[in-house]
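Some notes on the structure that comes next.
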Amino acid sequence: MAGESGCHPSAKAFGPDARLRCRTQLDTVRQGGNNLPGRYCVIVVLRTPPDTSCRTAFLISRKFDLSAVVRNRARRLLRECWRTLFPSLSPCWVLMIPRRGIKGAKLGQVLPEVARLLRKGGVLPPAAAALDRAETAP
């Protein structure tokens, strides 16, 4: 489960306390966070949040795609990545913004990239690198 550096083990990845809800929180992450672009998504990480919890928001506008089905699929992929990596994260606020490349991608392609970006942002420990190798192995 969550180690000493991870989020609280009883915290839920998608509960009300795990979401960035208001515009001021989103603006705080945008202004003070580290912007990490990848092939499938852009992640903005705020390593020192005002509270000591892991929170996230998935920003997917109609500019990404007019079809709600396509937007919801991208959101589901990013949510599953977050749910998988949540126990290993140190306290942070994260914005996840999909890129058009995610439209045809599978979870096995997206998860290693999200893990790499979060590690690059300094909120995922190197021990989670085994997850990347396990996901990419045939």
Side-chain angles (χ1 to χ4, degrees):
M1 282 291 172
E4 291 177 14
S5 65
C7 291
H8 193 270
S10 66
K12 294 183 180 180
F14 299 114
D17 295 336
R19 289 182 239 153
L20 296 172
R21 305 195 116 202
C22 61
R23 183 169 293 280
T24 57
Q25 291 175 334
L26 297 177
D27 290 340
T28 300
V29 176
R30 282 189 185 125
Q31 291 171 2
N34 188 7
N35 196 19
L36 305 165
R39 179 178 178 192
Y40 300 116
C41 64
V42 175
I43 295 179
V44 184
V45 177
L46 181 64
R47 291 180 63 186
T48 55
D51 58 4
T52 57
S53 63
C54 291
R55 295 176 182 252
T56 190
F58 306 98
L59 301 179
I60 305 174
S61 71
R62 287 188 184 163
K63 185 176 177 184
F64 175 73
D65 196 284
L66 292 177
S67 171
V69 173
V70 174
R71 291 194 310 268
N72 288 338
R73 182 181 181 280
R75 184 179 293 113
R76 282 193 306 271
L77 280 173
L78 293 177
R79 280 178 60 109
E80 182 60 22
C81 291
W82 177 258
R83 187 194 64 76
T84 303
L85 299 171
F86 180 77
S88 303
L89 293 173
S90 59
C92 61
W93 284 6
V94 177
L95 295 180
M96 292 186 167
I97 308 163
R99 293 185 127 174
R100 294 187 195 274
I102 201 171
K103 287 182 183 179
K106 303 284 185 193
L107 181 62
Q109 298 168 313
V110 178
L111 183 60
E113 179 181 283
V114 171
R116 179 183 60 82
L117 293 174
L118 290 173
R119 221 177 3 269
K120 187 176 176 182
V123 295
L124 189 65
L131 177 71
D132 291 346
R133 289 189 291 276
E135 289 293 328
T136 57

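A quick note: this is a predicted structure, and the numbers were derived from the prediction, not measured.
Contact annotation: the side chain of Leu36 never approaches that of Val44 to less than 4.5 Å [non-hydrogen atoms, C-beta and beyond].
By the criterion of side-chain heavy atoms lying less than 4.5 angstrom apart, applied directly or through intervening Ile, Leu, Val, Met, Phe, Trp or Tyr residues, Leu85 is not grouped with Val29; the two fall into different hydrophobic clusters. Hydrophobic cluster membership is shared by Phe64 and Ile43, with clusters built from Ile, Leu, Val, Met, Phe, Trp and Tyr side chains linked at under 4.5 angstrom. Using a 4.5 Å cut-off between side-chain heavy atoms of Ile, Leu, Val, Met, Phe, Trp and Tyr, with links allowed through other members, Leu59 and Leu77 fall into different hydrophobic clusters. Note: the hydrophobic cluster containing Leu20 also contains Ile97 (ILVMFWY, side chain heavy atoms under 4.5 Å, direct or indirect links). Both Val123 and Phe86 belong to a common hydrophobic cluster when Ile, Leu, Val, Met, Phe, Trp and Tyr are linked at side-chain heavy-atom distances under 4.5 angstrom.
Here salt bridge (Lys or Arg N to Asp or Glu O under 4.0 Å) pairs that include residues 65-86, with residues two or more places apart or in two chains, are Asp65-Lys103, Glu80-Arg83. Sorted pairs that involve residues 33-42 and meet side chain to side chain donor-acceptor pair (under 3.5 Å), not counting sequence neighbours, are lacking altogether. Within the structure, no pair that satisfies the side chain to side chain donor-acceptor pair (under 3.5 Å) test touches residues 17-27, not counting sequence neighbours.
Of all heavy-atom pairs between Val45 and Gly121, the closest is CG1-O, 4.4 Å. Annotation for Gly32 and Leu46: closest pair O-CD1, 3.5 Å, computed over non-hydrogen atoms. Looking at every heavy atom in both residues, Arg99 comes nearest to Pro37 through NH1-CB, 4.2 Å. Across all their heavy atoms, Ala105 and Val110 have their closest contact at CB-CG2, 3.7 Å. Closest heavy-atom contact between Leu95 and Arg30: CD1-CG, 3.8 Å. A pairwise comparison of heavy atoms in Leu117 and Cys41 identifies CD1-O, 4.0 Å as the closest pair.
The side-chain hydrogen bond (donor to acceptor under 3.5 Å, both in side chains) check on Asp51 picks up Ser53, Arg55, Trp93, with sequence neighbours excluded. Under the rule for a side-chain hydrogen bond (donor to acceptor under 3.5 Å, both in side chains), Lys120 has no partner lying at least two apart in sequence or in another chain.
Side-chain atoms of Thr56 come within 3.5 Å of backbone N or O of Val94 as a donor-acceptor pair.
Note that the SG atom of Cys81 and the CD1 atom of Ile102 stand 7.0 Å from one another [nearest 0.5 Å].
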